[in-house]
Number of protein chains: 4
Amino acid sequence: MARELAAKRRNENEIEFGRIVAFSDGVFAIAITLLVLNLGIDKHLTEGQIDDALWGQRDLFFAYAISFAVIGRFWLVHHRFFSEVRAFDGRLIALNLVYLGSIVLIPFSSELLGEYGGTTTAVVFYSVNLAVVVLLGLLLHVDARRRGLTRIDDRTHRETQIRSTYIAGIFLLSVPVAYFAPDVAPYLWLVLFIDPSSRLAGRGSAGDDESGRVARSGTGD
Amino acid sequence: MARELAAKRRNENEIEFGRIVAFSDGVFAIAITLLVLNLGIDKHLTEGQIDDALWGQRDLFFAYAISFAVIGRFWLVHHRFFSEVRAFDGRLIALNLVYLGSIVLIPFSSELLGEYGGTTTAVVFYSVNLAVVVLLGLLLHVDARRRGLTRIDDRTHRETQIRSTYIAGIFLLSVPVAYFAPDVAPYLWLVLFIDPSSRLAGRGSAGDDESGRVARSGTGD
Amino acid sequence: MARELAAKRRNENEIEFGRIVAFSDGVFAIAITLLVLNLGIDKHLTEGQIDDALWGQRDLFFAYAISFAVIGRFWLVHHRFFSEVRAFDGRLIALNLVYLGSIVLIPFSSELLGEYGGTTTAVVFYSVNLAVVVLLGLLLHVDARRRGLTRIDDRTHRETQIRSTYIAGIFLLSVPVAYFAPDVAPYLWLVLFIDPSSRLAGRGSAGDDESGRVARSGTGD
Amino acid sequence: MARELAAKRRNENEIEFGRIVAFSDGVFAIAITLLVLNLGIDKHLTEGQIDDALWGQRDLFFAYAISFAVIGRFWLVHHRFFSEVRAFDGRLIALNLVYLGSIVLIPFSSELLGEYGGTTTAVVFYSVNLAVVVLLGLLLHVDARRRGLTRIDDRTHRETQIRSTYIAGIFLLSVPVAYFAPDVAPYLWLVLFIDPSSRLAGRGSAGDDESGRVARSGTGD
């Protein structure tokens with residue numbers, strides 16, 4: 001049916017579009033807050049045992065902090081992506097739901113990582129979960145752009161592609177590493193703090209993104 | 001009292017209407033996110049036990065995926081329905097609450113299905129829960145239309161009726177099947193991927209929905 | 001400080017006002033959805049035990065249904081109240097928070113009622129919780145009206161006062177009853193289906209609410 | 001990149017700004033509602049044990065009430081701060097996320113305080129959690145103002161600085177006290193009811209906030 005296949009323009013369906021965004025934000029907000037449920041304290045401990053119980057949870061606190069940052073970061077990227085969406089259809093909504101399904105798994109992966117941080121299974125599970133989120137996010141991005149639903153410019157598009165591939169690559173690389181050295185694998189994630197996507201995208205765009213370069217040199221970049 | 005019985009027009013009460021929709025979206029978002037709480041990992045496992053523990057939860061992961069898709073799909077339908085609502089009254093709000101009450105049960109039904117997937121009880125409980133959601137959704141739809149609160153056209157209305165009856169029928173059919181072959185019953189749900197409602201509704205509307213047909217042929221349908 | 005004491009007009013601070021309402025809606029939506037967490041199924045049951053386990057939870061299902069209806073109803077009343085609010089200040093927001101604090105307790109009271117429905121303690125706890133919600137709601141209503149923050153008319157105001165006193169009275173009456181016959185006390189709540197407030201308010205308003213009466217007779221009331 | 005570094009004006013990006021606020025409100029609403037999950041009742045108790053079980057949870061009810069008030073209060077302050085924000089950028093959003101990360105920890109700190117209220121560990125953990133929230137809130141405030149993202153006036157700014165330092169100071173002061181007298185330390189928090197910030201800020205502003213003084217005297221302050 002044409003009615004269902006045609007994309008709706010955002011500015012003509014602001015309320016309906018707002019619901020998709022609000023629903024997504026709700027899922028993000030709940031997923032990030034549920035992380036606290038991974039923390040907890042046993043009942044009926046003696047005073048001396050409390051400190052040990054908390055100290056025994058240090059990996060869970062660490063996993064809480066990482067996963068809070070990770071979900072917060074994904075929310076930001078999602079936020080930025082949807083601010084560029086001009087039109088939407090059933091397929092965008094469906095892909096977004098699948099994407100959210102991988103976000104909602106993070107509190108579980110995080111619990112696993114917090115409880116069994118030094119094990120191959122936990123590291124692999126967490127890495128694959130995050131890689132899937134990144135790749136589904138990229139799919140959402142590429143698919144929406146290809147079908148003309150966003151107004152993302154070439155340079156930002158290239159940046160997103162490079163960055164997503166880079167992040168997913170690091171996580172997937174930590175999978176084989178985790179089989180040999182599960183304790184070491186999480187340190188690989190530190191490489192994520194070096195983000196080469198903006199420079200790489202800039203170099204690639206030298207030929208076809210003149211205005212962008214001017215804008216950048218104008219701010220001393 | 002006339003004041004309470006009269007329906008309020010949506011465009012004159014956009015904020016009040018927005019609250020109903022936002023509340024519903026909130027309930028959907030929380031219900032879909034709570035699904036992750038059905039997953040979990042025991043504490044104090046040895047490294048060798050972790051893989052077994054995760055593997056032992058494969059049905060729970062499967063139930064998570066199904067129920068995420070199911071709640072997401074119900075949200076979409078609810079979303080589309082409310083985008084056509086023109087006016088609302090206490091009765092629409094009350095029916096919507098009852099509908100949401102059946103949505104919120106899904107995480108529990110899903111836990112049951114995930115833990116005891118091969119049993120008659122779990123399959124029956126899950127099937128009846130989903131059938132009730134679909135039938136309450138249909139009631140909401142039909143009641144709102146009959147009282148002039150929506151602007152849903154004839155064709156979409158017929159489609160919704162056929163689709164809802166079809167889906168509820170499949171779920172209710174899986175109840176007797178589950179008594180004889182609980183392992184097989186869930187496969188019956190695969191029939192849901194074949195959705196005949198649009199074709200059936202189209203055939204039925206041949207006589208009285210001329211403009212719709214023109215619009216469709218205009219887009220090469 | 002005058003700045004803080006002065007109420008802000010709603011139509012000049014729509015976004016700020018919207019946040020209060022959205023926050024309240026969020027709390028209602030989460031509280032109503034958390035009710036499902038009171039349901040749950042033990043692990044490692046044999047097939048024969050599952051039915052017994054579910055049947056043993058029948059009071060919890062009953063408590064789920066009652067509490068869903070109760071929170072839904074409170075949300076509706078809250079919804080209607082805030083649709084009449086014209087201005088807000090720190091005091092209204094603070095009272096609203098205290099009110100929400102009593103709403104958020106309902107999932108716990110409901111768990112207690114579901115687990116120990118036939119006991120004095122559970123019935124008293126649940127009754128007092130709901131009575132407190134109703135009385136705080138009345139306080140919110142009366143205080144906002146006395147300070148000119150709402151545009152609620154006389155008749156609706158009287159109705160709210162009568163209805164709130166009536167509902168809180170029934171719940172408080174069930175407290176002494178629960179000490180002698182905890183099994184019987186919940187049946188007292190059935191009296192709540194008879195709502196005399198609209199008739200009583202109508203009778204009381206005969207002298208000073210002429211326009212209201214005309215409007216009612218005009219619609220055949 | 002200039003695009004990313006430049007702050008976006010709120011009134012030109014109302015929807016994007018609205019998402020940040022809605023996400024924050026969602027996190028606050030969920031965190032405050034999750035507090036109820038710290039309450040709970042064991043199964044299979046005899047009637048005589050129920051009262052004891054509830055009475056044994058009196059500290060948890062107390063912690064629930066305190067933490068509900070605390071999160072509610074933080075929400076109010078956050079609410080007021082964002083109502084003054086004129087522009088936003090990635091840094092404001094990132095700081096806001098870190099701030100929310102400390103809010104989401106409160107249900108856990110509250111559980112610890114409710115279970116082990118009389119112990120040094122619980123009091124220290126709770127105090128440090130709240131002090132961190134207040135200091136991160138101050139950082140958010142000061143940083144946004146320094147970079148011209150808010151329109152907060154001098155007097156309100158000074159008040160916020162004094163109040164935040166005062167509150168964080170009380171909580172940090174209760175840390176050493178908790179090492180010697182953990183039972184006494186929470187009483188120190190009662191000092192928080194005396195809020196000297198408004199008077200101190202007023203005195204300090206005598207010289208440079210003439211217009212503010214006039215406005216105040218004009219309203220009979």
Side-chain angles (χ1 to χ4, degrees), chain A residues 1-6 8 13-35 37-38 40 42 56-57 60 90 93-116 118-122 124-125 182, chain B residues 10 14 17-18 21-22 24-54 57 60-61 64-65 68-69 71-73 75-76 78-80 82-84 153 155-156 159 198 201-202 212 215-221:
Chain A
M1 293 166 295
R3 282 170 303 165
E4 295 219 350
L5 289 179
K8 294 186 181 180
N13 298 275
E14 201 56 79
I15 288 172
E16 221 186 317
F17 183 77
R19 273 194 78 176
I20 302 168
V21 168
F23 180 79
S24 305
D25 281 352
V27 170
F28 273 108
I30 302 156
I32 213 171
T33 313
L34 288 186
L35 289 172
L37 297 187
N38 289 340
D42 287 337
Q57 288 196 40
L60 281 162
I93 299 177
L95 276 177
N96 187 45
L97 275 174
V98 175
Y99 174 82
L100 292 177
S102 66
I103 289 286
V104 170
L105 269 183
I106 297 178
F108 172 70
S109 303
S110 182
E111 182 187 358
L112 202 59
L113 189 72
E115 290 284 356
Y116 303 108
T119 69
T120 302
T121 305
V124 169
F125 203 99
Chain B
R10 172 179 173 168
E14 201 55 79
F17 183 75
V21 168
S24 304
D25 280 353
V27 169
F28 272 108
I30 302 156
I32 212 171
T33 313
L34 287 186
L35 289 172
V36 76
L37 296 187
N38 289 340
L39 307 174
I41 189 84
D42 286 338
K43 300 189 173 196
H44 312 302
L45 300 177
T46 64
E47 188 157 355
Q49 293 171 311
I50 303 172
D51 286 351
D52 291 343
L54 284 178
Q57 288 196 41
L60 280 163
F61 283 101
Y64 168 80
F68 202 97
I71 297 181
R73 174 80 197 162
W75 173 72
L76 258 173
H78 188 268
H79 176 90
R80 210 168 286 161
F82 266 86
S83 75
E84 301 293 334
D153 61 76
R155 187 187 149 89
T156 307
E159 254 184 66
S198 139
R216 283 196 310 282
S217 53
T219 54
D221 178 283

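First the proteins, then the strands, lettered A, B, ... as listed; each starts at 1.
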Can you check whether A/Leu37 reaches B/Leu37 side chain to side chain, under 4.5 Å on heavy atoms?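 Counting from C-beta outward, A/Leu37 and B/Leu37 do come under 4.5 Å.
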Would you compute the distance between atom [atom1] of [X] and atom [atom2] of [Y] and round it to the nearest 0.5 angstrom?
{"X": "B/His44", "Y": "A/Tyr116", "atom1": "NE2", "atom2": "OH", "value": "7.5 Å"}
{"X": "A/Phe23", "Y": "B/Leu76", "atom1": "CZ", "atom2": "CG", "value": "8.5 Å"}
{"X": "A/Thr121", "Y": "B/Ile50", "atom1": "OG1", "atom2": "CD1", "value": "5.5 Å"}

Need one label for [X]: side chain, backbone, both or neither, based on atoms under 4.5 Å from any heavy atom in chain B.
{"X": "A/Leu97", "value": "both"}
{"X": "A/Ile20", "value": "both"}
{"X": "A/Leu100", "value": "both"}
{"X": "A/Leu105", "value": "both"}
{"X": "A/Thr120", "value": "both"}

For B/Asn38, is it the side chain, the backbone, both or neither that has a heavy atom under 4.5 Å from a heavy atom of chain A?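 Neither part.
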Which atoms of B/Ile41 are under 4.5 Å from chain A, going by heavy atoms: the side chain, the backbone, both sets, or neither? both
Of the listed residues ([options]), which shares the most heavy-atom pairs with chain A below a 4.5 Å separation?
{"options": "B/Leu34, B/Leu35, B/Leu45", "value": "B/Leu45"}
{"options": "B/Asp25, B/Leu54, B/Val21, B/Asp51", "value": "B/Asp25"}
{"options": "B/Trp75, B/Phe28, B/Phe82", "value": "B/Trp75"}

Nearest heavy-atom pair of [X] and [Y]: which atoms, and what distance?
{"X": "A/Gly26", "Y": "B/Ala29", "answer": "C-CB, 4.2 Å"}
{"X": "B/Leu39", "Y": "A/Glu111", "answer": "O-OE1, 4.5 Å"}
{"X": "A/Arg19", "Y": "B/His79", "answer": "NH1-CA, 3.2 Å"}
{"X": "B/Val36", "Y": "A/Val104", "answer": "CG2-O, 3.1 Å"}

